[in-house]
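This report concerns only the one structure given below.
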Amino acid sequence: MRILFIGDIVGGPGRRGLAHVLPRLREELEPDLVIANGENAAGGVGITERTADEIFAAGVEMITTGNHVYRHRDAYEFIDRCERLVRPANYPKGNPGRGSAVVDVGGTSVGILNLSGELQLTVARSPFPTADAELGELKRRGAEIVFVDFHAEVTSEKVAMGWHLDGRVAAIVGTHTHVPTADARVLPGGTAFISDVGMTGSRDSVLGVQVEDALGRFVTQMPARFRTAEENVWINAVAIDMGADGKAERIEQILRPAD
Ligand code: FE2
C-alpha cells in the first residue's frame, strides 16, 4: 500500500496549486490513499467546509489538522460531522471533531491518528500517553495499518515521538513548521518517519505569509496583518510504501513546483 501525504496546504494559493498538481502526482505515484494537512487551508489559518470540500475535490481522501483547526467558528458543526477530517486527539475530549478515524483502503483498514505536540502549543493531555491509548483504540476498531500526523513545533519532541511509536505504527510524519526536513527514513522497527513534511504554498514567502508582512514585523516589532503569499507555489509531500504486516518499506520525499 502506498500513502501519499501532503504537507500543510496554505490558503487559496496552496489549494489551487494542489488541485493543479495532484492529478499528475496521482498518475505518477498511484497512491492507494491520499492524506493532507488542511489546518491552514482557509485564508492561511484554519479550515472551513468550503475549503475542505475543495481539498477533497482535488483528490485528497483524508484531512488532518492542528492548532488552527478551531479558528473558524462556523466550521465547528462541519468538523464534528465530517468523518474524513481529524483534529488532534489530545485536545479536550468534548471539542468538535474526532482525533482518529479508520478508513477502508482496498479491503485494508487504515487508522489515521492526529496528535499535537505539547511544546509551544496548547493541548489537554500529553501526546505520548494519548498515542498509546489511541493505538489501543484503533486496534480495537480493526485498524491493520496506522498513519500518524504529529502536528508539532519542536524537532526533539517529533523525533522522540518517532522512537516512541517505532514498530507500532506504519508511519509518523511531522507537520506545522512548514519547512521540510531532510531526515525521512524508515526507523529500525519499521516505522516511516520525517520530522516535518513542509507545506503546500508559496516558496517566496515566510512560511506562506507575504515576505513584506512577516519580515516587517521582525524588523519593526510592530503589529502587521499577515496576507497569504501567492508566488511560486510548491507542493511538499512524502510517499510511503508499506507491506501487509503494517510496517513501512520506504519513504520518499516529494518537493516540486505546483505548475
Ligand atoms: Fe500548525
Side-chain angles (χ1 to χ4, degrees), residues 5-15 17-18 35-48 51-52 54-55 60 62-73 75-76 78-79 82 85-92 95-100 112-127 130-131 147-162 171-181 193-203 205-210 213-214 217 224-229 233-238:
F5 179 86
I6 296 155
D8 308 30
I9 300 159
V10 183
R15 300 196 309 273
L18 177 79
I35 309 171
N37 186 295
E39 80 127 8
N40 300 115
V45 188
I47 189 160
T48 58
T51 48
E54 214 176 303
I55 292 168
V60 169
M62 285 295 300
I63 294 176
T64 57
T65 60
N67 54 309
H68 293 308
V69 65
Y70 300 128
R71 174 58 73 105
H72 301 284
R73 198 173 284 270
Y76 293 179
F78 164 71
I79 291 165
C82 184
L85 183 145
V86 289
R87 50 85 171 160
N90 50 333
Y91 283 179
N95 282 17
R98 65 219 76 215
S100 64
I112 292 150
L113 172 61
N114 200 179
L115 291 167
S116 169
E118 62 182 337
L119 301 179
Q120 298 180 27
L121 291 168
T122 305
V123 297
R125 293 172 302 285
S126 162
T130 303
F147 176 93
V148 181
D149 174 353
F150 188 32
H151 197 76
E153 178 73 39
V154 176
T155 312
S156 60
E157 191 182 19
K158 298 192 204 192
V159 172
M161 184 62 87
I172 162 173
V173 302
T175 57
H176 177 68
T177 71
H178 294 192
V179 178
T181 55
F193 175 82
I194 185 168
S195 290
D196 207 291
V197 176
M199 70 169 171
T200 295
S202 167
R203 215 180 213 203
S205 74
V206 178
L207 315 184
V209 171
Q210 288 192 15
D213 298 351
R217 189 142 104 180
R225 199 163 66 90
F226 278 0
R227 292 165 296 181
T228 303
V233 172
W234 278 53
I235 184 163
N236 291 178
V238 287

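For ligands, and for the atoms within them, numbers begin at 1 and follow the listed sequence.
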The Fe ion (ligand 1) to nearest N/O/S of H68 less than 2.8 Å: no

2.8 Å cut-off met by an N, O or S atom of E153 to the Fe ion (ligand 1): no

May I ask you to check whether [X] and [Y] show a side-chain donor-acceptor distance below 3.5 Å?
{"X": "T64", "Y": "N114", "answer": "no"}
{"X": "H151", "Y": "N67", "answer": "yes"}
{"X": "H178", "Y": "N236", "answer": "no"}

Closest approach to the Fe ion (ligand 1) by E39, given as the N, O or S atom name: OE2

The Fe ion (ligand 1) - name of the N/O/S atom of H151 that sits closest to it: NE2

OD1 (N67) to the Fe ion (ligand 1) to ND1 (H176) angle, given to the nearest 10 degrees: 100°

Parallel, tilted or perpendicular: rings of Y70 and Y76 (30°, 60°): perpendicular

F78 side chain near L85 side chain, heavy-atom distance below 4.5 Å: yes

